[in-house]
Amino acid sequence: MVHGNMATTNPETIRTGVIGLKLGTLPQWDRKGNKFYVTLVQIIDNHVINYTPPEMINFRTLFTTRPLRRDLHGKVGMIVVGALSSDPRKFTRAYNGLFEQAGVPPKRKLSRFFITPNSVIKPGTPLYATHFRCGDYVDVQARSIDYGFQGAMRRYGFRGGPSDKYGATKFHRKRGTVGSGRKHKILPGTRMPGFMGNKLVMMKGLKVWRINTKYNVLYLMGPAVPGPNHGYMRIQDSTLYERRQKLTNDDHPPFPTYFPEDGKVLQEEIFADDIYRFDQPTLTLDDVQISPLTSRRTAAKTAQKKK
């Protein structure tokens, strides 16, 4: 394992990600008083399960849920992360054998991440919410909410047909014509009723506003993080070019991950620099001079005095 800073500032260095559980949304405020919403994601019982070096991966037949650049084929390894320990009696003997090398109980959820060889973590190492820092940007991938079979109005936001007073009959929620002209067929890609949701969605560049170290909770930017509540999601360092250029030798996330130090206790709540904290005062009166109130004469009294 490499603990140096030079590997972290390298733009091609890729750290491992974590598996989170979506809890819900909460409102927050910045120091200027602007209100915004954040999504709470809990990192539950994450451990490194296994690592496969680049020499043992066949990238031609490998299926990936996250696109991998072709220039990284043969340069990155694959690490498996598990979340939420479960009872071994609920799984088969073959599945329980996957966790013998790591020495951890069987996990309910497994996911793999592509990392560079300098970011290897020993199997069995726990992963915490402090794997990231407040102010960093992450990419989130999850499966969207499954709405089942829906019509064109709900699936694509069509307006529908006119009301009854305009002479419409059984045309209130229909999509309309599906095509006309010389080609006597429905053109490919026509928006029709069908299954809505249940697709992998990725949101890039979400800011980490706040971290709870006691319950391993991340406060991510935005209420529109994909997936339903109590659903799993993959969280990894942002791949946006503008975000990765801000890493320096003195300012970088824990590499390859956060390791608890003996005798060092972290704060229960860690905040970003530009977020408002409710445990701090909003206004101090140290430098404010208060002048005594003086009696004011009303307009009627002033008019009587002039007379």
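Small disclaimer: the values here were computed from a predicted structure and weren't measured.
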Min side-chain heavy-atom separation D139-S238 under 4.5 Å: yes
Check: Q101 and Y51 side chains under 4.5 Å, non-hydrogen atoms: no
Expected output: side-chain Q42 to main-chain N216 donor-acceptor under 3.5 Å: no
Minimum heavy-atom distance between G74 and P54, given as atom pair plus value: O-CB, 3.6 Å
Heavy-atom donor-acceptor pair, R234 side chain to R112 backbone, under 3.5 Å: yes
Cluster overlap I43 with M203, hydrophobic side-chain contacts below 4.5 Å: yes
Counterpart residues, salt bridge (charged side-chain N to carboxylate O under 4.0 Å, His left out), relative to D279 (two or more places apart): R277
Heavy-atom donor-acceptor pair, T257 side chain to H131 backbone, under 3.5 Å: no
Donor-acceptor contact below 3.5 Å, side chain N46 vs main chain I44: yes
Pairs where residues 77-94 contributes a residue and the test salt bridge (charged side-chain N to carboxylate O under 4.0 Å, His left out) is met, not counting sequence neighbours: D87-R89
Neighbour count above 12 (heavy atom, 6.0 Å) for D273 CG: no
Pairs flagged by salt bridge (charged side-chain N to carboxylate O under 4.0 Å, His left out) wherever residues 31-55 is involved - sequence neighbours left out: D45-K107
Verify same cluster id: I19, Y215 (apolar side-chain graph, 4.5 Å): no
Distance, nearest 0.5 Å, that separates CD of E268 from NZ of K214: 5.0 Å
Neighbour count above 12 (heavy atom, 6.0 Å) for F278 CZ: yes
CG-OG1 distance between N212 and T130, expressed to the nearest 0.5 angstrom: 11.0 Å
Cluster link V140 to V208, ILVMFWY, side chain under 4.5 Å: yes
Heavy-atom donor-acceptor pair, R108 side chain to A83 backbone, under 3.5 Å: no
Within 6.0 angstrom of F36 CZ, more than 12 heavy atoms from elsewhere: yes
Between CZ on residue F114 and NE2 on residue H73, distance to nearest 0.5 Å: 7.5 Å
Qualifying residues under salt bridge (charged side-chain N to carboxylate O under 4.0 Å, His left out), relative to K22, sequence neighbours excluded: none
Distance in Å, L206 CG paired with L218 CG, rounded so as to fall on 0.5 Å steps: 11.0 Å
Flag side-chain contact, heavy atom, 4.5 Å: F132 against V18: yes
Expected output: side-chain N96 to main-chain P88 donor-acceptor under 3.5 Å: yes
Parallel, tilted or perpendicular: rings of Y128 and Y258 (30°, 60°): perpendicular
Partner residues of Y95 under the side chain to side chain contact (heavy atoms under 4.5 Å, CB included) criterion, sequence neighbours left out: F91, T92, L98, F99, P106, L110
Taking every non-hydrogen atom, the tightest pair across A272 and G135: CB-N, 4.3 Å
Any donor-acceptor pair under 3.5 Å from R175 side chain to R191 backbone: yes
Check: L200 and Q141 side chains under 4.5 Å, non-hydrogen atoms: yes
Side chain to side chain contact (heavy atoms under 4.5 Å, CB included), paired with V81, selected from I49, L127, N50: L127
Intermediate values then yes/no, side-chain contact (heavy atoms from CB on, under 4.5 Å), S119 and T13: CA-CA 8 Å; S119 304; T13 299; 3.6 Å; yes
Check against side-chain contact (heavy atoms from CB on, under 4.5 Å), I275 and D30: CA-CA 4 Å; I275 192 174; D30 58 8; 5.8 Å; no
Side chain T116, main chain I14, donor-acceptor under 3.5 Å: yes
Point-to-point distance, once rounded to the nearest 0.5 Å, from NZ of K207 to CG of D136: 10.0 Å
Full working for side-chain contact (heavy atoms from CB on, under 4.5 Å) between Q236 and F113: CA-CA 9 Å; Q236 200 171 7; F113 299 91; 3.7 Å; yes
Least distance between heavy atoms, A168 atom then S163 atom: CB-O, 3.5 Å
Heavy-atom pair of closest approach, residues V201 and S144: CG2-CB, 3.9 Å
Connected hydrophobic set around M196, excluding itself, where side chains approach under 4.5 Å: I145, Y147
Shared hydrophobic cluster, V41 / V217 (ILVMFWY, side-chain heavy atoms < 4.5 Å): no
Rounded distance (nearest 0.5 Å) linking atom OG1 of T25 with atom CG of L220: 12.0 Å
Pairwise side-chain contact, P162 with F171, heavy-atom cut-off 4.5 Å (strictly under): yes
Flag side-chain contact, heavy atom, 4.5 Å: L240 against Y137: no
Under 3.5 Å: donor-acceptor pair, side chain of R210, backbone of V38: no
Within-4.5 Å side-chain heavy-atom neighbours: P226 and M233: no
Check: F259 and P254 side chains under 4.5 Å, non-hydrogen atoms: no
ILVMFWY cluster, Y219 and V225 together (side-chain gap under 4.5 Å): no
Nearest heavy atoms of V48 and A102, plus distance in Å: O-CB, 3.7 Å
Test log, rule side-chain contact (heavy atoms from CB on, under 4.5 Å), inputs I115 and I121: CA-CA 10 Å; I115 63 173; I121 304 176; 5.9 Å; no
